[in-house]
Every structure is written in C-alpha cells, then in structure tokens.
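Heads up: the structure comes next, in structure tokens.
Just so you know, these numbers use all the heavy atoms, side chains as well, and skip hydrogens, waters and symmetry mates. Worth saying up front: this structure is predicted, and the values here are computed from it rather than measured.
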Amino acid sequence: MNAPGKTMLKVVSIIYIVIGAFCALLMILSLFLGSLLASLANNIFGALGGILGGALFIVFLIPAAADLIVGIIGVKFCGDPSKASFFIVVGFIMGGLMLISLFGAFSIWNLLGLVLPILYIVGGFMNRNAAPSA
C-alpha cells in the first residue's frame with residue numbers, strides 16, 4: 001500500500017523506543033541508587049534514600065512503559081494507511097501530556113519533546129489521506 005508517512009512514522013517510533021529504553025535504564029539505576037543510599041547511611045537518611053529510589057522508579061516507569069508501547073505499536077502500524085487514526089489519536093494524547101509538562105516546567109527538552117507527537121500527527125494525516133476510501 002502507498003503510505004507516504006511511513007518513513008517519518010517509523011523514525012519517530014524508533015525514537016520513542018530509544019527514549020523508552022533510556023527511561024527503563026534510568027528506572028533500574030534509580031533502584032540501585034536508592035538501595036546504595038540506604039545501605040550507606042544507617043539512620044533516617046538511609047530510609048529517605050530508599051524512598052527516593054522507589055519514587056524515582058515510579059517516575060521513570062510511566063514514561064518508559066508509555067514510550068515503549070507507543071514506539072513498538074508505531075513501528076508495527078507505520079506502513080498501514082488504515083491504521084492512521086492510531087497515530088493521530090496517540091499524537092494528540094502525547095502532545096497534550098507534553099503541553100502539560102511544558103507549562104509545568106518550561107525547558108528546551110520539553111519543547112523538543114513536543115516535536116515527536118506533532119510528527120506523529122502529521123504522519124498520521126499523511127497516511128490517512130493516502131488510505132483508500134471505503
């Protein structure tokens with residue numbers, strides 16, 4: 001099938017997979033960091049280190065899971081114009097979450113993170129326009 005947005009969607013999906021893998025790595029490192037802090041200090045700071053490691057684990061778990069799921073499904077569906085609505089809906093959801101993050105704490109990384117959902121939406125519309133009418 002003719003899918004003009006296939007390359008763009010595949011590249012963005014692979015970037016999502018890489019970001020998800022990086023967050024998963026940080027998630028595992030946060031557990032080691034929390035247990036290391038807890039073992040080094042045998043007082044209240046040790047307990048705070050353990051709590052900090054657990055909190056960081058949860059903080060990195062959510063984006064890691066979301067990015068990996070979106071990226072893997074995106075790679076699978078990128079060449080199928082009939083699945084264009086997936087990219088449009090996911091792009092708007094991820095874009096909305098990035099806008100909330102951008103308003104919460106403005107940084108250049110959050111601004112760059114807004115580009116990926118926009119590219120998902122654009123690629124989804126490119127594929128939707130190429131899909132045969134039923």
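- Between the CG atom of N110 and the CD1 atom of I100 there is a distance of 12.0 Å, given to the nearest 0.5 Å.
- Minimum heavy-atom separation, G95 to L114: O-CD1, 3.7 Å.
- Taking 4.5 Å as the limit, every side-chain heavy atom of V11 sits out of range of all side-chain heavy atoms of L119.
- Under the 4.5 Å side-chain heavy-atom criterion for grouping Ile, Leu, Val, Met, Phe, Trp and Tyr, W109 is connected to L116 within one hydrophobic cluster.
- From K83, atom NZ reaches atom CG of N127 across 12.5 Å, with rounding to the nearest 0.5 Å.
- Here the side chains of V70 and S13 are not in contact, with every heavy-atom distance at 4.5 Å or above.
- Taken to the nearest 0.5 Å, the CG atom of L99 stands 10.0 Å off from the CG atom of L111.
- The two residues S82 and D80 come nearest to each other via the heavy atoms OG-OD1, 2.8 Å.
- Put simply, SG on C78 and NZ on K6 are 5.5 Å apart, with the number rounded to the nearest 0.5 Å.
- Here CD1 of I62 is found 11.5 Å from CZ of F60. Values are rounded to the nearest 0.5 Å.
- Side-chain heavy atoms closer than 4.5 Å link hydrophobic residues (I, L, V, M, F, W, Y) into clusters, and following such links, even through other members, never connects I17 to I15.
- Partner of Y120 under the ring pair (Phe, Tyr, Trp, His ring centres under 6.0 Å) criterion, out of F125, F87, F92: F87 alone.
- A 4.5 Å side-chain heavy-atom check between R128 and S85 finds at least one atom pair inside the cut-off.
- Residues L56 and S30 come closest through the heavy atom pair CB-CB, 3.5 Å.
- At a threshold of 4.5 Å between side-chain heavy atoms, the hydrophobic network of Ile, Leu, Val, Met, Phe, Trp and Tyr places I19 and V115 in one connected group.
- Linking ILVMFWY side-chain heavy atoms closer than 4.5 Å, directly or via other members, places V90 and I121 in two distinct hydrophobic clusters.
- When the side chains of ILVMFWY residues are joined at heavy-atom separations under 4.5 Å, either directly or via intervening members, V12 and M126 end up in a single hydrophobic cluster.
- In this structure, L31 CG and F57 CZ are separated by 5.0 Å, a value rounded to the nearest 0.5 Å.
- Of all heavy-atom pairs between A64 and G20, the closest is CB-O, 3.6 Å.
- Side-chain contact check for M94 versus D67: some heavy-atom pair is nearer than 4.5 Å.
- Under the 4.5 Å side-chain criterion, counting only non-hydrogen atoms from C-beta, Y16 is in contact with P117.
- In terms of the ring pair (Phe, Tyr, Trp, His ring centres under 6.0 Å) criterion, residue partners of F86 (sequence neighbours excluded) are, by chain and number, F77.
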